[in-house]
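Here the structure comes first, spelled out in structure tokens, and everything after it is commentary.
Quick caveat, the model's predicted, so the values are computed rather than measured.
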Amino acid sequence: MEKKLTRIRSNKMIAGVCSGLAKYLGWDADKLRIVYVLVSLLSAAFPGILVYLILWFVMPEE
């Protein structure tokens with residue numbers, strides 16, 4: 001079975017981007033959200049909001 005990167009409608013907080021990434025990677029969505037926010041806040045080289053917005057428009061919904 002081929003894995004596809006899609007936004008999840010059922011387990012979403014804003015747009016379902018982190019839920020889709022978590023499902024694709026086989027992780028828990030809440031843990032991925034925490035890691036994503038921490039990396040976005042602690043790293044000046046990682047523009048988290050910009051990346052999230054781009055993924056929101058690029059990733060198809062399931």
Distance, nearest 0.5 Å, that separates [atom1] of [X] from [atom2] of [Y]:
X     : Y     : atom1 : atom2 : result
Trp56 : Ile14 : CH2   : CD1   : 7.0 Å
Ile8  : Thr6  : CD1   : OG1   : 4.5 Å
Ile34 : Asp30 : CD1   : CG    : 6.5 Å
Lys23 : Leu32 : NZ    : CG    : 14.5 Å

Checklist entry - If you look at every heavy atom in Ala29 and Ala22, which pair is closest and at what distance? => result CA-CB, 3.6 Å

Next on the checklist: Minimum heavy-atom separation for Glu62 and Arg9, please, with both atom names.
Outcome noted: OE2-N, 3.7 Å

Item to check | Greater than 12 external heavy atoms within 6.0 Å of Ile49's CD1 | outcome: no

Item to check | Pairwise side-chain contact, Trp27 with Val35, heavy-atom cut-off 4.5 Å (strictly under) | outcome: no

Checklist entry - Where do Ser19 and Arg33 land on the side chain to side chain donor-acceptor pair (under 3.5 Å) test, with the steps shown first? => result CA-CA 8 Å; Ser19 298; Arg33 287 181 187 115; 2.7 Å; yes

For the hydrophobic clusters of this structure (ILVMFWY residues joined by side-chain heavy atoms under 4.5 Å, transitively), does one cluster hold both [X] and [Y]?
X     : Y     : value
Val39 : Val37 : no
Leu38 : Leu25 : no
Met59 : Tyr24 : yes

Checklist entry - Quick check: does any side chain N or O of Tyr36 sit under 3.5 Å from a backbone N or O of Gly48, one acting as donor and the other as acceptor? => result yes

Next on the checklist: Checking the side chain of Arg7 only, and the main-chain atoms of Gly16 only, is there a donor and an acceptor separated by less than 3.5 Å?
Outcome noted: no

Checklist outcome for this item: Only one of Leu53, Val51, Leu55, Val58 passes side-chain contact (heavy atoms from CB on, under 4.5 Å) with Val17, and that residue is Leu55

